[in-house]
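In what follows, chains are A, B, ... by sequence order, proteins preceding strands, each numbered from 1.
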Protein chains: 2
Amino acid sequence: MPGTIKEVAERAGVSITTVSRVINGNPKVRQDTRERVYEVIKELGYVPSAIARGLTLGRTHTIGLILPEIADGFFSQVIRGADEAAVRQNFHLLVSTFHSHRSDEELSFRLLGEGRVDGLILMDPTLGDDFLMEFHRSSFPIVVLCKKIKYTNCKYVVIDDLQGAYQAVVHLIKHGYKRIATIRGPLDNYDAFQRLAGYKSALKDYNIKLNPEYIVDGNFQWEGGESAMHILLDLVQPPDAVFAANDPMAIGAMEAVKKRGLSIPKDMAIIGFDDIELARLVTPPLTTVHLPMYELGAMAVESITGMLKGKSTRRKNILKTGLVIRKSCGC
Amino acid sequence: MPGTIKEVAERAGVSITTVSRVINGNPKVRQDTRERVYEVIKELGYVPSAIARGLTLGRTHTIGLILPEIADGFFSQVIRGADEAAVRQNFHLLVSTFHSHRSDEELSFRLLGEGRVDGLILMDPTLGDDFLMEFHRSSFPIVVLCKKIKYTNCKYVVIDDLQGAYQAVVHLIKHGYKRIATIRGPLDNYDAFQRLAGYKSALKDYNIKLNPEYIVDGNFQWEGGESAMHILLDLVQPPDAVFAANDPMAIGAMEAVKKRGLSIPKDMAIIGFDDIELARLVTPPLTTVHLPMYELGAMAVESITGMLKGKSTRRKNILKTGLVIRKSCGC
DNA sequence: TCTCCTTGTGGAATCGGTTTCATAAAATAT
DNA sequence: ATATTTTATGAAACCGATTCCACAAGGAGA
């Protein structure tokens, strides 16, 4: 409680209006008055109350960030990106998760309805469009992560999985591998679908015939990758390179290769997807597609602050992935 | 903008005082009045403004959490613990990091001075006592993590490293290992010091003579652990078990053992400290001391909310570590 | 019947700022 | 010297709640 504007005003012998002007850099204050006020402010260690300000201005300079989980390698990078972007814009970040014991609605309700935040960043694969619809009526700045929103005009930021997969497979092609297989994710998963599409697209662009035997099902888990790789190795003509739709499967696949006494990347090149922490720790270090989670958080914040400043930001933002070249591809 | 209390009052044909009473569960409202107000509230989708409330009550129901880094396995667990505790207490969490381009002071200043938060949780090994002193004058609830505070009466929560190390070494002793060595951390590190003390204490309590050769320097890094283990293995009488002061060193040590063609835990048992994610992924899975980061965050929040509610909470809180028994100890 | 409590309700001050509008003083134009 | 504009300043309304205090109505007690 470092004093109020009133105290400053009295002490400086001016009105609170003048003090307010000084604080906000309003030029219509005489130089000597300004200096006197500044002096008192310093003397009292006065800091204007963000709450009072928020009440009059209707702005809290705070953005809500709601994630499915916090203690997760990916999500925590989203937070970091959001935090740094928020700081750049002089905003604060209210972080929370969807907790089982309170509904999505309740949480978002409180944050927005109570006016705690100026905007909301939501990341939840299970989020329904209708739920978002309801919110959007309130004309609150809302940005949804990793999910395309159909029916409302909420903004969203997604990661271009297709391009990432494409790039990975092209990398393998340019390495000279001829028989490139893929271990795909579960069919109902949108990301898995996109990554498979990227694989197919790359082969097509380089005139490599698609061999159905080279597309094996995985479950996005370690074990799925391992058994999928065994299937591939048992083929009459096994592939010489594999693109796994995520890192755990890639690492499982590596394990299978090793168990057969084969070497990576000499006998079998492998590229994963996600760039989990473990990827650079396995032997050989896994070449993989990096997900720009940091940028995702940062862009979401910038999208929100942009909206708040009245800039017309684009409704859809697509972030490119990046290929992280390590050893498992043969580089 | 789900309406204001004024609109509700008008619509319900009562004064805002009455509406306020209804919202806050004040019993001095006739039943039928209450129902009428509730109806209007529902109809309008009215949610009271937390900002306005904050202004009058001087409480924001928000706690600031400032960490050195966010995208880190440990810190993100602190956030999660804090988040869940905050939700339980109906509080919100404002998360940020000390950013290089703004001073500690500036950040804490803003959060507290501006009245954005009701209390602050600080985690920063470099935090100076004098810095905290200055803040404590303001009688704000502040809790410092993982750092003992001498000169002020700030609360703090620390992890009992000594006890953790003690427990780990005792576990090795009870396994029947006779020659237990340790790879310690850098001497100037308080945690490293505590862990070494725990090691010594355990040996002493079990009447095992301390062999100076069995205390090798490490640097808390992977490589340091590896070279330290080589030193141990080159001894005339190498140890049969090693307690490494953190997991990276333990994993480096495992690597050294493997390179010599020895097996873990048959030829050499190893216990680490920290329980990093990688610990359960190495082969064999590393037995290690788990740091209760989740509890740290949760306890800090509870300490703050306790203070806010006027409970006299203890100034110092010590959290116990827990031994995570996996395979590297021989279990 | 007249006072004295309850009980339910509302008016108005308050929290700490911002902002509109009025006004006094100073500067410029006539 | 007077009229007009500009500049610096302050009074007061407002943001959306809470809360103290006043007050009217109804019931109990004398």
Task: Smallest separation among heavy atoms of A:Pro141 and A:Asp118, with atom names - done: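 Scanning both residues, the minimum pair turns out to be CD-O, 3.2 Å.
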Open item on the list: Looking at every heavy atom in both B:Val95 and A:Asp83, which two are closest together, and how far apart are they?
Closed with: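 The answer is O-OD1, 3.9 Å.
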Is [X] touching bases, backbone alone, or none of the nucleic acid, heavy atoms closer than 4.0 Å?
X: B:Ile51; answer: nothing
X: A:Val14; answer: sugar-phosphate
X: B:Leu55; answer: base

- [ ] Taking atom CD of A:Glu69 as the centre, report whether more than 12 heavy atoms of other residues, nucleotides or ligands fall under 6.0 Å from it.
- [x]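 Result for CD/A:Glu69: enclosed.
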TODO: Give a yes or no on whether A:Lys309 atom NZ has more than 12 heavy-atom contacts from other residues, nucleotides or ligands under 6.0 Å away.
DONE: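 Counting neighbours around NZ of A:Lys309, more than 12 heavy atoms of other residues, nucleotides or ligands fall under 6.0 Å, so yes.
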Open item on the list: Base of C:dG11, side chain of B:Thr17 - is there a donor-acceptor contact under 3.5 Å?
Closed with: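 When only heavy-atom distances are counted, B:Thr17 does reach the base of C:dG11 through a donor-acceptor pair under 3.5 Å.
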Open item on the list: So, OP1 or OP2 of C:dT18: does either fall under 4.0 Å of a side-chain N or O from A:Ser20?
Closed with: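 Checking C:dT18 against A:Ser20, a side-chain N or O does come within under 4.0 Å of OP1 or OP2.
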Open item on the list: Under 4.0 Å from OP1 or OP2 of C:dT9: is there any side-chain N or O of B:Ser15 that close?
Closed with: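 Indeed not, no polar side-chain atom of B:Ser15 lies that close.
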Task: CD1-CZ distance between A:Ile41 and A:Arg34, expressed to the nearest 0.5 angstrom - done: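 A:Ile41 CD1 to A:Arg34 CZ: 10.5 Å, rounded to 0.5 Å.
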Open item on the list: Let's see if you get this right: which residues in residues 21-31 of chain B place a heavy atom under 4.0 Å from DNA chain C?
Closed with: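 Of all residues in residues 21-31 of chain B, the ones placing a heavy atom under 4.0 Å from DNA chain C are B:Arg21, B:Lys28, B:Val29, B:Arg30.
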Would you mind reading off the distance between [X] atom [atom1] and [N] atom [atom2], rounded to a whole angstrom?
X: B:Ile5; N: C:dC15; atom1: CD1; atom2: P; result: 18 Å
X: B:Leu57; N: C:dG16; atom1: CG; atom2: P; result: 12 Å
X: B:Lys6; N: D:dA17; atom1: NZ; atom2: C1'; result: 13 Å

Open item on the list: Nearest to the side chain of B:Thr33, heavy atoms from C-beta on, is which of D:dT18, D:dC15, C:dT9?
Closed with: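 Between D:dT18, D:dC15, C:dT9, the one nearest the side chain of B:Thr33 would be C:dT9.
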Task: Nearest-nucleotide pick for B:Arg53, side chain only, options being C:dG17, D:dT18, C:dG11 - done: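 The answer is D:dT18.
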Which pairs of donor and acceptor atoms, one on a side chain in residues 290-302 of chain A, lie under 3.5 Å apart (sequence neighbours left out)?
unit_1: A:His290; atom_1: ND1; unit_2: A:Asp275; atom_2: OD2; d: 2.7
unit_1: A:Tyr294; atom_1: OH; unit_2: A:Glu84; atom_2: OE1; d: 2.5
unit_1: A:Glu302; atom_1: OE2; unit_2: A:Arg88; atom_2: NH2; d: 3.1

